[in-house]
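Let me begin by presenting the structure, written as structure tokens, before commenting on it.
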Amino acid sequence: MALDKTFDANSAETRIYEAWEKIGAFRAGANAKDGASTYAIMIPPPNVTGVLHMGHAFNNTLQDILIRWKRMQGYDTLWQPGTDHAGIATQMVVERKLAEEGKPPRRDWDREDFTAEIWKWKKTSGNTIFQQLKRLGASCDWDRAAFTMSGAPNAPAGEEGNFHDAVIKVFIDMYDKGLIYRGKRLVNWDPHFETAISDLEVENIETPGHMWHFKYPLAGGETYEYVEKDEDGNVTLRETRDYISIATTRPETMLGDGAVAVHPSDARYAPIVGKLCEIPVGPKEHRRLIPIITDEYPDPDFGSGAVKITGAHDFNDYQVAKRGGIPMYRLMDTQGRMRDDGDPYEEASEIAIEVATGDRTLSESEADAINLVPDDLRGLDRFEARKRVVQQITEEGLAVMVPAPPNEDGETCFDGGMMPYVENKPIMQPFGDRSKVVIEPMLTDQWFVDTAKIVGPALDAVRDGTVRILPESGEKTYFNWLENIEPWCISRQLWWGHQIPVWHTPGLGDKWRSFCAATEEEALAQMHATFGDDAEFLLVEDEKAAVDLLAETIRTDPDLTGVDQRHRPQAIPVFRDPDVLDTWFSSGLWPIGTLGWPEDTEALRKYFPTSTLITGQDIIFFWVARMMMMQLAVVDEIPFDTVYLHGLVRDAKGKKMSKSTGNVVDPLDIVEEYGADALRFTNAAMASLGGVLKLDMQRIAGYRNFGTKLWNAARFAEMNDATGSDGVVPEASAMVNKWIIGETARVREVVDQALEDFRFNDAAQALYAFVWGKVCDWYVEFSKPLLLDGDDATKAETQKVMGWVIDQCLILLHPIMPFITEELWGTLAERQKMLVHADWPTYGSGLIDPEADREMNWVIEVIETTRSVRAQMHVPAGLHVPMLVTEMDNLARDAWARNDTLIKRLARIDSLSAVEGFPKGCATLPVSGATFGLPLAEIIDVDAEKARLEKTLGKLAKELGGLRGRLNNPKFAQSAPDEVVEETRANLAAREEEEAKLKDALARLSEL
């Protein structure tokens, strides 16, 4: 079957991919040689809700390049695909779907019925990204596709797998070892979804904000002398104050203050450290008191130097409160409204005052139970409460006042010419990446992994080189995070996910007794072992139902004050912990969970530990480090030996892609327009270690043209019966054929070394230069005389060498450009197997013939130098010109003699003449072993060319001056975005290179 004139990617790619799947080309172990080593890659599991974006396309291209390369080398390969159940994202999608269908909201559903709806959605829409990855050419073993919720108790038929068993087993084991515990800590709280979320799910966005300055009056009307001094110790302000001022962007959180902190070195407040001050909001008769303390956290040079400490609603304050034993009072409910539960404010305030004066202490749970929101603010949205608090403080005269600016008539619009001090300033506001609402730091009961106890081996594995992180800068980030690791919050207040395997029963007092087990039956068995075989248990829906049942028991039996083995109600209420596990907990087990652990499977024995992990540098904490910790804690083994980290894919100017900016690129649109191979080659070409990933559409178009160039070379070979080979390196006698065999061997070594070192860009650039430059441009041209005018033996040799060379191009390019290479492979010749399973070559530099290498590269140098001068001098392209030579050594003379016809045809030379010296008006062309000259004085208008170049250089000089001026301006470097500065530098470099070429051309003209 003859090749078409062009490659139709749209029609061919689907057909080719189906052919690969039909023969099972991607199955684990496919094309493996006997006794082969294994090579396994675990795909970073995309969310089951996900669709392909440029980050996926880039990441999976690199993985596919490695897997195809290793598969062709005969390794026993596995590329493990799968998806993450993505708790909050999936629950959001289904809730939105139910709303669109007019069905009740989630809270009106039974938990089991709601999750059944999610499973139904997953069956119809959950694997969309798999089909999209196939469009990209991803050669995963799709038969092994995993899901982080497979094997869950309510999973429908068809959701085979035991990932759930792995997750539950690990939780129980870590719980039993004391590595998992329940505690109250500050977390990111999403008021829309009513759940804790991870840092990765928080977007910090700069938004317009306000900084209010308020007075906290000293208790009992006390005063002190407030003194400010300059750097030289001179007094600049001295006054008597009965307050301490603070600044806040969140006035509503003042209601939960536990203290005001100042720096120990701040002499201004030394007289009042240890004293009490009033929170300036709430009923006057019950105004709450808090102590003034010292801590290293406040910055004496920022604002007033005094900081309010609200431990339950600010991460920095939380640390101060922990250090200072300051009580933490929660102000809001799960929806971000001011609490309206508990006792009246009057009673809560009295308790808090007793705590502040040292007359009372509170446990963590007791402090959390107190509601310090004044009665008139209870139930309000937090932002409405903010307005009320500001209004009340201002009306009471406790806002810090500053001179008011006059109006147009020179009058002030505030009494006394003063106004409240409010700074309008941008603030970094945390938003939920999916809910788009402001995240609230919230003190809640959550489940945690005590990461400090399991972090050691993960640090050691990288320190001792067992695991490599590339680029090396990633190691610094890894160490910095793990060496300062905090407990890991693993619970989420959702319904979709692995429900925490813990059941609770009442204990003594207000405590709950917990039982951790894989099933309800096992938990009940533990309860019987604790309470006795005759104990009766009643499973209830939640904690509230358990409390209500217990209250009813106590009401009917006044003597019952608690539950223990000796004295308990007839039926002990039991409820399962409602929380589910953070998806990072389950995905942290991805390497072993996908291979069948905790079962002792053949796949686990063969492919674990895996080989390479390729992932974004943004999840080095959330996923990479946690996989390291968890695999080492669970199976005492590293999960992979190499981690390749990459950055975000940005647009051509280096800007982050975002919908708001309007620069988001859909990879499927690129595939539709340019073909998957062009996108894949672009991804490989921009994948420099640690480099910025800039996606340029012109570059993609250029690599599509590269595919066309390869296609045309293959058509030329086909038209000359120069196709197909048996894979054996052919014998050659012609210099041209010896040379191209050596060039092929050279590029094979470069590509292998580059891929071994994860320098995908070097591999791509080497192949581009070889295929386009050496094969398509030079070898095709060099071969024409041999194919058209050579004797039978030379022609046959050249046909055989060209067939082999084209095949090697296809093999070496296949990992990066699998579709066009597979199409050419199957069309050019009859093959024993598809290219996807072709043998990767092992030949090397031993195939380089030094004499042929030297001679043909000399010929290329002569032609390229001649072409360059002709282009600089604007010699008409089709004009054949004479060439002169003043000196030529024996090697150069022999090379010219053997390649006279080639040089003259390709350089547009009509004759070569030896002369003693070059006449006036001759352009000099120095090359290795010879000095040539082109007599151009009578061919071109020298003066006109000089005038043209000088005019162009003049314009360029102005442009260069402007670019250098911007870069030398410190204000530009400081204020301009990084991508703008980088773009300006790149522009300057390009213009300087252009200037150098023009000056060189002008110098040549001056010689004429």
Quiz item: Under 4.5 Å between any side-chain heavy atoms of Ile700 and Arg704, yes or no?
Solution: no
Quiz prompt | Separation of Thr866 OG1 from Ile903 CD1 (nearest 0.5 Å) | solution = 8.5 Å
Quiz item: Is there side-chain contact between Phe58 and Met686, with heavy atoms separated by less than 4.5 Å?
Solution: yes
Quiz item: Can Met817 and Phe706 be said to form a side-chain contact (heavy atoms from CB on, under 4.5 Å), step by step?
Solution: CA-CA 11 Å; Met817 303 181 83; Phe706 173 60; 3.8 Å; yes
Quiz prompt | Ile614 CD1 to Asn59 CG distance, which is reported to the nearest 0.5 Å | solution = 6.5 Å
Quiz item: So, for Phe819 and Trp711, is the gap between ring centers shorter than 6.0 Å?
Solution: no
Practice problem: Check whether any side-chain heavy atom of Ile816 lies under 4.5 Å from a side-chain heavy atom of Phe760, and answer yes or no. | Solution: no
Quiz item: Taking 4.0 angstrom as the limit, do Arg893 and Asp889 come out as a salt bridge?
Solution: no
Quiz item: Between Asn720 and Ala722, is there a donor-acceptor pair closer than 3.5 Å when you use the side chain of the first and the backbone of the second?
Solution: no
Quiz item: For Ala763 and Val751, which heavy atoms make the closest approach, and how far apart are they?
Solution: O-CG2, 4.1 Å
Self-check item: Check ion pair Asp696-Lys653 (N to O, under 4.0 angstrom)
Solution: no
Quiz item: Would you say Thr61 and Phe681 make side-chain contact, with heavy atoms under 4.5 Å?
Solution: no
Quiz item: Has the side chain of Glu887 got a donor or acceptor atom that lies under 3.5 Å from a matching backbone atom of Thr931?
Solution: no
Quiz item: Heavy-atom distance under 4.5 Å between the side chains of Leu679 and Pro667, does that happen here?
Solution: yes
Quiz item: Ser139 and Arg71: side chain to side chain donor-acceptor pair (under 3.5 Å), yes or no, with the steps?
Solution: CA-CA 10 Å; Ser139 61; Arg71 189 187 289 123; 3.3 Å; yes
Quiz item: Is it true that a side-chain atom of Asp4 and a backbone atom of Thr6 form a donor plus acceptor pair closer than 3.5 Å?
Solution: no
Quiz item: Do the non-hydrogen side-chain atoms of Ile67 and Tyr39 ever get within less than 4.5 Å of each other?
Solution: yes
Quiz item: Applying salt bridge (charged side-chain N to carboxylate O under 4.0 Å, His left out), which residue pairs with at least one partner in residues 775-787 are found, sequence neighbours left out?
Solution: Lys709-Asp777, Glu781-Lys784, Glu781-Arg905
Quiz prompt | Aromatic contact, Tyr768 with Tyr703 (centres under 6.0 Å) | solution = yes
Quiz item: Given side chains that start at C-beta, do those of Phe782 and Leu906 come closer than 4.5 Å, heavy atoms only?
Solution: yes
Quiz item: What is the ring orientation for Phe758 with Tyr644, classed by angle as parallel under 30°, tilted 30 to 60°, or perpendicular over 60°?
Solution: tilted
Self-check item: Between NZ on residue Lys800 and OG1 on residue Thr723, distance to nearest 0.5 Å
Solution: 13.5 Å
Quiz prompt | Short N-O contact, Asp752 and Arg748, less than 4.0 angstrom | solution = yes
Quiz item: Short question: side chain of Arg680, backbone of Gly675 - any donor-acceptor pair under 3.5 Å?
Solution: no
Quiz prompt | Gln765 CD to Arg759 CZ distance, which is reported to the nearest 0.5 Å | solution = 10.0 Å
Self-check item: Minimum heavy-atom distance Leu828-Ala714, with the two atoms named
Solution: CD2-O, 3.9 Å
Exercise. Examine Arg68 relative to Trp20 and say whether NZ or CZ is less than 6.0 Å from the centre of the six-membered ring and inside a 45° cone about the ring axis.
Key: yes
Quiz item: So, does Arg650 use its side chain to make a donor-acceptor pair with the main chain of Leu695 at under 3.5 Å?
Solution: no
Exercise. Can you measure from CG (Asp839) to CD (Gln832) and round to the nearest 0.5 angstrom?
Key: 9.5 Å
Quiz prompt | Ion pair check, Glu864 and Arg867, cut-off under 4.0 Å | solution = no
Practice problem: Check step by step if salt bridge (charged side-chain N to carboxylate O under 4.0 Å, His left out) holds for Arg831 and Asp807. | Solution: CA-CA 11 Å; Arg831 312 287 188 177; Asp807 275 4; 2.8 Å; yes
Exercise. For side-chain contact (heavy atoms from CB on, under 4.5 Å), just list the numbers for Phe932 and Thr886, CA-CA rounded to whole Å, side-chain angles, deciding distance to a tenth of an Å, and then say yes or no.
Key: CA-CA 7 Å; Phe932 297 102; Thr886 57; over 6 Å; no
Quiz item: So, the side chain of Glu718 versus the backbone of Leu3: is there a donor-acceptor pair under 3.5 Å, distance only?
Solution: yes
Practice problem: Just do the salt bridge (charged side-chain N to carboxylate O under 4.0 Å, His left out) check on Lys904 and Asp900 with the steps written out, would you? | Solution: CA-CA 6 Å; Lys904 287 179 178 177; Asp900 176 85; 3.3 Å; yes
Quiz item: What are the two closest non-hydrogen atoms of Ala766 and Val750, and how far apart are they?
Solution: CB-CG1, 3.6 Å
Quiz item: Has the side chain of Thr827 got a donor or acceptor atom that lies under 3.5 Å from a matching backbone atom of Leu824?
Solution: no
Quiz item: So Glu731 and Val801, side-chain contact (heavy atoms from CB on, under 4.5 Å) or not? Walk me through it.
Solution: CA-CA 8 Å; Glu731 296 288 335; Val801 170; over 6 Å; no
Quiz item: Can any side-chain N or O of Asn899 pair as donor or acceptor with the backbone N or O of Ala895 at less than 3.5 Å?
Solution: yes
Quiz item: What's the verdict on side-chain contact (heavy atoms from CB on, under 4.5 Å) for Leu787 and Phe716, showing C-alpha distance, side-chain angles and the deciding distance?
Solution: CA-CA 11 Å; Leu787 292 169; Phe716 173 82; 3.9 Å; yes
Self-check item: Over 12 foreign heavy atoms within 6.0 Å of CG, Asp910
Solution: yes
Quiz item: Would a distance-only check, ignoring hydrogens and angles, find a side-chain to backbone donor-acceptor pair under 3.5 Å from Thr821 to Pro818?
Solution: yes
Self-check item: Polar contact flag, side-chain donor to acceptor under 3.5 angstrom, Tyr75-Asn31
Solution: no
Exercise. Go through the steps to decide whether Asn857 and Glu861 satisfy the test side chain to side chain donor-acceptor pair (under 3.5 Å), and finish with yes or no.
Key: CA-CA 6 Å; Asn857 282 315; Glu861 181 187 5; over 6 Å; no
Self-check item: Any Trp858 side-chain heavy atom under 4.5 Å of Asp894 side chain
Solution: no
Quiz item: Should the pair Asp651-Lys655 be classified as a salt bridge under the 4.0 Å nitrogen-to-oxygen rule?
Solution: no
Self-check item: Donor-acceptor pair, side chain of Thr794 and main chain of Gly790, under 3.5 angstrom
Solution: no
Practice problem: Enter the distance from Cys776:SG to Leu710:CG here, rounded to the nearest 0.5 Å. | Solution: 6.0 Å
Exercise. Report yes if the distance between the aromatic ring centroids of Trp778 and Phe770 is under 6.0 Å, otherwise no.
Key: no
